[in-house]
Each structure stands twice: as C-alpha cells, then as structure tokens.
Amino acid sequence: MHPPPCPPSHDALTGLLPHAAVTGRLSQTLRAAGPAPTRAPGLILVDIRHFRACNDRYGPEQGDTLLQHVARRLTVAVRHGDTVARLDGDEFALILPGLYGHADLARVCQRLLDLLAAPYHLDAATPALTFALGAARAPDDGATPADLLRAATRALTHA
C-alpha cells in the first residue's frame, strides 16, 4: 500500500504557499514572537470581490492570469520574512511577523488596497477588480492560528 501523496509545497498556478501550509506557518510565526511580543504577528486575508463574474466574462484562462497578477502584486508588497499564500480560488493570506500594533496593520492593509487597485491588463480587456481585506493581530485578536484565522475571517466578512 502506498502512503497518501504529500500536499504540494506551492500552489501550481501562483507559486505561492498553499492553503494547507498556512496554519503551520502561522504557528511558527506565533512561536517565534514569544508570549508577550512588542512586535506581534498579523494576518491579512484578501478576497477578490466578484471574481466569478470576471472569470465567467473573460474565461478561465484569463481568470488564471488575473490570479497570477494579484499573487505577484501581493508578493512584491511584502517584506522579507513575510508569507503570502493562496487559500482558495480567489482568496489569499498574508502572514506578517513583527507588527507594532493595529495602526501598523491598518497601514499595511491600506498599502495593499492601493497596490491592488491599479488596473489589470488582459489580452483584450482591462477588468475592474475590487478587493476586501480582513485583518487580525496577535495577541489582541487571538493567540492561536485558529483564533487569528477566525478573527480575520470575521473582519473579511464585515469588509
């Protein structure tokens, strides 16, 4: 009998860390920060609003191209040591160690929104994409990966 296949180490489409690795990476980041960090980790979830309609209009190949463009922009926006992952379809996660507080997290979110708002150029179109972000920061919003993911998901739902 063969062992089950290992999950891929990176998302095949975007080259980002896959969803399956996010909890482990978040755990490592929380452990490295210690029990009462001055600079604590943050988590930002990014959702492309109405991506399905865009994918239906321009086709799945162009939809994949859009996801690759978004992944590149998110990768460029982060610091060395930050993590960008593709969670599912049109959702991404950023794990940011060493944030000074919620104001620092809010500045990062605004910078991301500004960067993501620039036009996306496809073969024959320039679709207008909108994004929603949900953010959480340890220890205020949770001390475990599950807590932070729940808090960021709640924030994303309200965005």
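No hydrogens, no waters, no symmetry mates; every other heavy atom, side chains included, goes into these values. This is a predicted model, so every value here is computed, not measured.
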Problem set entry | Selection residues 48-57 - residue pairs positive for side chain to side chain donor-acceptor pair (under 3.5 Å), sequence neighbours left out | D47-R49
Exercise. What residues form a side chain to side chain donor-acceptor pair (under 3.5 Å) with D140, not counting sequence neighbours?
Worked result: H102, R137
For this session: Is it possible for you to say whether I44 and Y100 belong to one hydrophobic cluster, with membership spreading through side-chain heavy-atom contacts below 4.5 Å?
Result: no
Exercise. Strictly by modelled atom types, are T14 and R86 linked by a side-chain donor-acceptor pair under 3.5 Å?
Worked result: no
Problem set entry | D82: partners by salt bridge (Lys or Arg N to Asp or Glu O under 4.0 Å), with sequence neighbours left out | R79
For this session: Quick one: which residue pairs count as a side chain to side chain donor-acceptor pair (under 3.5 Å) with a foot in residues 142-154, not counting sequence neighbours?
Result: T144-D147, D147-R150
Problem set entry | Listed partners of R111 passing side-chain contact (heavy atoms from CB on, under 4.5 Å), at least two apart | V108
Seminar exercise, completed: Joining Ile, Leu, Val, Met, Phe, Trp and Tyr whenever any side-chain heavy atoms lie under 4.5 Å apart, the cluster holding L26 also takes in V22, L30, L43, L45, L87, I95, L148, L149, L156
Exercise. Going by heavy atoms in the side chains, are L94 and T83 under 4.5 Å from each other?
Worked result: no
For this session: Sorted by first residue and then second, give each side chain to side chain donor-acceptor pair (under 3.5 Å) pair with at least one member in residues 88-97; sequence neighbours left out.
Result: none
Seminar exercise, completed: Heavy atoms of L16 and A71 approach each other most closely as CD1-CB, 3.7 Å
Problem set entry | For Y120, all residues meeting side chain to side chain donor-acceptor pair (under 3.5 Å), sequence neighbours excluded | R73
Exercise. By side-chain contact (heavy atoms from CB on, under 4.5 Å), which residues pair with L113, not counting sequence neighbours?
Worked result: Q110, F131, L133
For this session: Check whether any side-chain N or O of T126 sits under 3.5 Å from a backbone N or O of L122 as a donor-acceptor pair, and report yes or no.
Result: no
Exercise. Do L116 and I48 come within less than 4.5 Å of each other through their side chains, counting heavy atoms only?
Worked result: no
Seminar exercise, completed: Residue set satisfying side-chain contact (heavy atoms from CB on, under 4.5 Å) with A77, at least two apart, ordered chain then number -> L112, L115
Exercise. What residues join L17 in its hydrophobic cluster, counting side-chain heavy atom gaps under 4.5 Å, either direct or through other members?
Worked result: none
For this session: With sequence neighbours left out, write down each residue that passes salt bridge (Lys or Arg N to Asp or Glu O under 4.0 Å) with D104, or none if nothing qualifies.
Result: R107
For this session: Show the numbers, then the answer: is there a side-chain contact (heavy atoms from CB on, under 4.5 Å) between L66 and F51?
Result: CA-CA 9 Å; L66 283 172; F51 178 75; 4.3 Å; yes
Exercise. Nearest 0.5 Å, what's the CG-CZ distance between L67 and R72?
Worked result: 11.0 Å
For this session: Search all heavy atoms of L99 against all heavy atoms of L96 and return the closest pair with its distance.
Result: CG-O, 3.8 Å
Exercise. Minimum heavy-atom separation for P139 to A40, with atom names?
Worked result: CD-CB, 4.1 Å
Exercise. What heavy-atom pair brings S9 and P18 nearest, and what distance separates the two atoms?
Worked result: O-CD, 3.2 Å
